[in-house]
Trainee: 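Input: one structure, supplied below.
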Amino acid sequence: MITKGPNEIVRTALAKGELEKLLLGAPEYQYRSKYSPAPGNTDLTELLSVIYRDLAAEERGPAAEMLLAALKKIVHKYEGLRPVASCILYEAGSQADHRPPLGLPLGELARALGASIQQYSSQLRADETGEGSEWPDGRLGEFRRLSRNTVSLGGPSFCE
């Protein structure tokens, strides 16, 4: 069986205008290396690194616009919360490490994500699957951790 690599997966999603599917881990866009510590079926950090590090300069602008549009679509969905948090954290990390960021509007995304986390707070507290199993308040605890990490990198908070 031939497995697609992250570069091919991301380029396919960009060409088809399907970054939303990529962010949500649709089966055709899943990628997880054998040694990946990522939770779930896909390593979003690995896929994001293609957009941030591997695209040519002329490809980055359109990719950033497509990524932002996809983030705005999924930020209000329960299954979109983690990918949006991951993107905010990745962008903040790029800025902190002086790597070229995509210029995502972190404040705007963080406010939208914070409102969605608040909307889904009961469901997040009750969700003790995956990352939620590590926290007494379920997945909400994981979002608090991600938010603290983002703030430590100079990014905005999205969860109290």
Trainee: R111 side chain to G107 main-chain N or O, any donor-acceptor pair under 3.5 Å?
Mentor: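 Such a contact is found between R111 side chain and G107 backbone.
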Trainee: Under 4.5 Å between any side-chain heavy atoms of L109 and V75, yes or no?
Mentor: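 The answer is no; the side chains never approach within 4.5 Å.
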Trainee: Compare all side-chain heavy atoms of I74 with those of E79 and state whether any distance is below 4.5 angstrom.
Mentor: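 A side-chain contact under 4.5 Å is absent here.
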Trainee: Would you indicate whether the side-chain heavy atoms of S86 and T45 approach each other to under 4.5 Å?
Mentor: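 The answer is no, as the side chains (C-beta and beyond) never meet within the 4.5 Å cut-off.
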Trainee: Would you list the pairs meeting ring pair (Phe, Tyr, Trp, His ring centres under 6.0 Å) in which at least one residue belongs to residues 80-118, sequence neighbours left out?
Mentor: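 The answer is Y52-Y90.
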Trainee: Is there side-chain contact between R139 and R82, with heavy atoms separated by less than 4.5 Å?
Mentor: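 Side chain of R139 against side chain of R82, heavy atoms only: contact under 4.5 Å found.
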Trainee: Rounded at 0.5 Å granularity, tell me how far CG in L71 sits from CD1 in I88.
Mentor: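 Reported to 0.5 Å precision, the distance equals 7.5 Å.
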Trainee: Do you know which two heavy atoms are closest between P83 and L44, and how far apart they sit?
Mentor: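 Nearest heavy atoms, P83 then L44: CA-CD2, 3.6 Å.
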Trainee: Taking all atoms of both residues into account, what is the closest heavy-atom pair of L47 and V10, and its distance?
Mentor: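 Nearest pair, atom of L47 first, then V10: O-CG2, 3.4 Å.
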Trainee: So, for I117 and F143, which heavy atoms are closest and what is the spacing to 0.1 Å?
Mentor: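 Answer, listing the atom of I117 first, then F143: CD1-CD2, 3.9 Å.
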Trainee: Let me confirm one number: the OG-CD distance from S133 to E128, rounded to the nearest 0.5 Å.
Mentor: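 So the gap between those two atoms works out to 8.5 Å.
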Trainee: Rounded to the nearest 0.5 Å, what separation is found between the CG atom of L19 and the NZ atom of K73?
Mentor: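 One finds 10.0 Å between CG of L19 and NZ of K73.
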Trainee: Picking from V84, L146, L81, L89, what satisfies side chain to side chain contact (heavy atoms under 4.5 Å, CB included) with F158?
Mentor: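 That would be L146; it is the only one of V84, L146, L81, L89 passing the side chain to side chain contact (heavy atoms under 4.5 Å, CB included) with F158.
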Trainee: At what distance, to the nearest 0.5 angstrom, does OG1 of T12 lie from NZ of K21?
Mentor: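 Separation between the atoms: 12.0 Å.
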Trainee: Do E59 and R11 have side-chain heavy atoms sitting under 4.5 Å apart?
Mentor: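 With C-beta onward as the side chain, the pair touches.
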Trainee: Check this for me: does any side-chain nitrogen of one of K77 and E20 sit under 4.0 Å from a carboxylate oxygen of the other?
Mentor: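 Salt bridge present between K77 and E20.
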Trainee: Output yes when a side-chain donor or acceptor of D137 lies under 3.5 Å from a complementary backbone atom of L140, and no otherwise.
Mentor: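 Judged by distance alone, no pair lies under 3.5 Å.
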Trainee: What's the spacing between H76 NE2 and L113 CG if we round to 0.5 Å?
Mentor: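 One finds 10.0 Å between NE2 of H76 and CG of L113.
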Trainee: For residues G93 and R99, report the shortest heavy-atom separation together with the two atoms involved.
Mentor: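 So the two residues come closest at C-NH2, 3.8 Å.
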Trainee: Closest heavy-atom contact between P156 and L106?
Mentor: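 That would be CG-O, 3.5 Å.
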Trainee: Between R145 and E142, is the closest basic N to carboxylate O distance under 4.0 Å?
Mentor: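 Counted as a salt bridge, because a side-chain N and a carboxylate O are separated by less than 4.0 Å.
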Trainee: Do the side chains of E91 and L102 get nearer than 4.5 Å, heavy atoms only?
Mentor: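 They are in contact (side-chain heavy atoms under 4.5 Å apart), so the answer is yes.
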Trainee: Please identify which of these residues, L22, I9, N7, meets the side chain to side chain contact (heavy atoms under 4.5 Å, CB included) condition with Y31.
Mentor: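 For Y31, the side chain to side chain contact (heavy atoms under 4.5 Å, CB included) check succeeds only for I9.
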Trainee: Look up atom CE in M66 and atom NZ in K16, then write down how far apart they are to the nearest 0.5 Å.
Mentor: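 One gets 12.0 Å once the value is rounded to the nearest 0.5 Å.
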Trainee: Does the side chain of D54 come within less than 4.5 Å of P6's, by heavy atoms?
Mentor: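 A side-chain contact under 4.5 Å is absent here.
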Trainee: Hey, are K4 and E28 close enough for a salt bridge, meaning a charged N less than 4.0 Å from a carboxylate O?
Mentor: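 No salt bridge links K4 with E28.
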Trainee: Search all heavy atoms of R144 against all heavy atoms of C159 and return the closest pair with its distance.
Mentor: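 So the minimum-distance heavy-atom pair works out to CG-SG, 3.6 Å.
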Trainee: With a 4.5 Å heavy-atom cut-off, do D127 and Y78 have their side chains touching?
Mentor: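 Answer yes - side chains close enough.
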